[in-house]
**Q** 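First the structure, then my questions, so here it is.
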Amino acid sequence: MEIIRNIQKFDDWMDYLKDWQSDIGVKIEDSENFIMTPIYDNTIPPEIEFGDFKGQPKWDRITQIPTQNMRDSLLALTFVQGDTEFASVEQQRRLLENVPHDYDRYAAVRIMLEEIRHGLQMCHILVEHFGTSGKVEARKLLERRAREAFPEAKNPRLLGAFNEAVDNWLDFYAYTCFVDRDGKFQLGMLKPCGFSPLARSAGPMLREEAFHLGSGNDGLTRIVKAGQVPVAILQRFFNKWISCAMDLFGKDESSTAEWGYVWGFKARFDEEQQRKDGNLDPDRKELNHHNRMLYHVEVADIVKRLNSFIPGEEKLFMPHEKFHRAIGRYANQPYDVHGNLMEQAEYDKYIKTALPTPQDYALLKDIFKNPNWIADRALPKDLWGYQENIRKATLGK
Ligand SMILES: [Fe+2]
Ligand SMILES: [Fe+2]
């Protein structure tokens with residue numbers, strides 16, 4: 001069964017999407033029940049909500065945007081977001097070959113279909129609004145490949161976490177809990193965007209994203225409750241995915257983030273609350289750091305909650321924000337998981353033991369033979385009814 005049906009056709013881009021689907025070899029059952037179309041929120045505020053253009057009407061068309069620099073920046077924001085969506089399906093495409101429980105299949109199928117819908121949404125904006133360069137970028141979104149999933153591919157995905165391997169269901173639930181959670185933050189920052197097609201896309205995507213991170217949190221809880229996977233192994237997967245996700249917030253003192261704020265494209269994640277509290281003028285050099293720290297607090301809470309289900313002395317913890325970073329002021333520096341600086345030679349040996357090891361993967365393979373390594377849970381009664389609710393909530397009367 002083809003993934004894509006009932007879709008609003010736009011140019012020849014749909015053919016690229018079909019080629020991508022067959023090239024990555026993902027077969028998704030149940031896809032006929034999924035409505036694969038762009039969804040635009042009709043309930044957004046009409047005026048720009050922050051930055052130097054605050055109070056002016058939101059821009060509906062790219063030609064209304066004052067400068068070419070601003071248009072270029074929007075183009076990049078849109079295709080970087082789209083790149084992550086397709087990448088995650090490439091990373092997860094193998095999981096359905098071997099599922100622990102029916103519920104896990106449902107969660108993964110739903111998440112993959114929604115990620116394709118998110119990619120489609122970004123491509124719809126690119127093709128509808130950005131002329132020839134939009135079409136080129138929309139096509140490139142289907143030409144890049146997640147590197148670890150397709151080592152022979154020419155062009156990797158744009159951001160580090162989206163090139164990593166998602167080899168098994170522990171990876172999947174750590175990924176959805178920690179990396180999709182970054183997705184929630186990015187979409188939250190885009191929700192008040194001054195360019196209305198992006199602002200109108202963010203609400204429906206956020207509603208779908210909530211299921212992804214919820215599934216991640218729930219999956220990790222079910223794993224911890226089942227008590228079959230050693231805490232030390234869980235910790236190494238946390239070290240891997242939390243550090244990758246921290247990088248996704250971008251460089252410290254980023255001029256892209258600064259201009260994104262000034263131009264009213266990308267806000268603080270907690271912009272609304274900050275404004276209510278009277279914090280109208282943030283340190284524009286520290287925007288990425290600000291959002292990253294909000295994420296850090298949220299993840300720390302999750303780890304704390306998971307620990308409440310672990311009976312023994314050995315508990316999970318947050319890897320330090322300096323650990324295993326590829327972006328920002330701690331990038332490529334030899335810090336351990338507690339934030340202590342090490343000698344480089346010592347670190348080179350250490351890092352292999354702080355991230356998932358070949359022995360971990362071998363042991364997990366064994367553990368996964370019995371599906372009770374993760375607690376089962378019931379399927380929802382109406383598997384796809386939620387889609388109608390999202391449409392109703394955002395399309396207006
Ligand atoms: Fe997504
Ligand atoms: Fe997601």
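When a ligand or atom number is given, it counts from 1 through the structure's own listing order. Computed from a predicted model, the values in this text were never measured in an experiment.
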**Q** Can you tell me if Q333 uses its side chain to pair, donor with acceptor, with the backbone of R329 under 3.5 Å?
**A**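 Indeed, once roles are kept as given, a pair shorter than 3.5 Å links the two residues.
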**Q** Listed by chain and number, what are the side chain to side chain contact (heavy atoms under 4.5 Å, CB included) partners of I327, not counting sequence neighbours?
**A**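 Testing I327 for side chain to side chain contact (heavy atoms under 4.5 Å, CB included), a comparison that skips the adjacent residues, returns D247, K251.
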**Q** Looking only at N, O or S atoms in H212, which is nearest to the Fe ion (ligand 2)?
**A**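 The Fe ion (ligand 2) is closest to the H212 atom ND1, counting only N, O or S.
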**Q** The Fe ion (ligand 1) to E208: any N/O/S contact under 2.8 Å?
**A**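 So E208 does not count as coordinating the Fe ion (ligand 1).
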**Q** Does E114 bring an N, O or S atom to within less than 2.8 Å of the Fe ion (ligand 2)?
**A**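 Of the N, O and S atoms in E114, none lies under 2.8 Å from the Fe ion (ligand 2), which means no.
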**Q** Flag the pair H212 / H118 as yes when at least one side-chain heavy-atom distance between them is below 4.5 Å, and no otherwise.
**A**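 Yes. Closest side-chain heavy atoms under 4.5 Å.
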**Q** The criterion is side chain to side chain contact (heavy atoms under 4.5 Å, CB included); which residues satisfy it with N372, sequence neighbours excluded?
**A**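 By the side chain to side chain contact (heavy atoms under 4.5 Å, CB included) rule, N372 matches H101, N370.
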**Q** Quick check: of its N, O or S atoms, which one does D180 have closest to the Fe ion (ligand 2)?
**A**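 D180's closest N, O or S atom to the Fe ion (ligand 2) is named OD2.
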**Q** Between W373 and F368, does the ring centre distance come in under 6.0 Å?
**A**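 So the answer is yes for these two rings.
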**Q** Which atom name would you report as the N, O or S atom of E85 nearest the Fe ion (ligand 1)?
**A**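 Nearest N/O/S atom: OE1.
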**Q** Among the N/O/S atoms of E115, which is closest to the Fe ion (ligand 1)? Give the atom name.
**A**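 Result: OE1.
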**Q** With the Fe ion (ligand 1) at the centre, find the angle made by OE1 from E209 and ND1 from H118, to 10°.
**A**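 Answer comes to 90°, rounded to 10°.
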**Q** Do any N or O atoms from the side chain of R71 and from the backbone of I65 form a donor-acceptor pair under 3.5 angstrom?
**A**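 Yes; judged by distance alone, with no hydrogens or angles, the pair exists.
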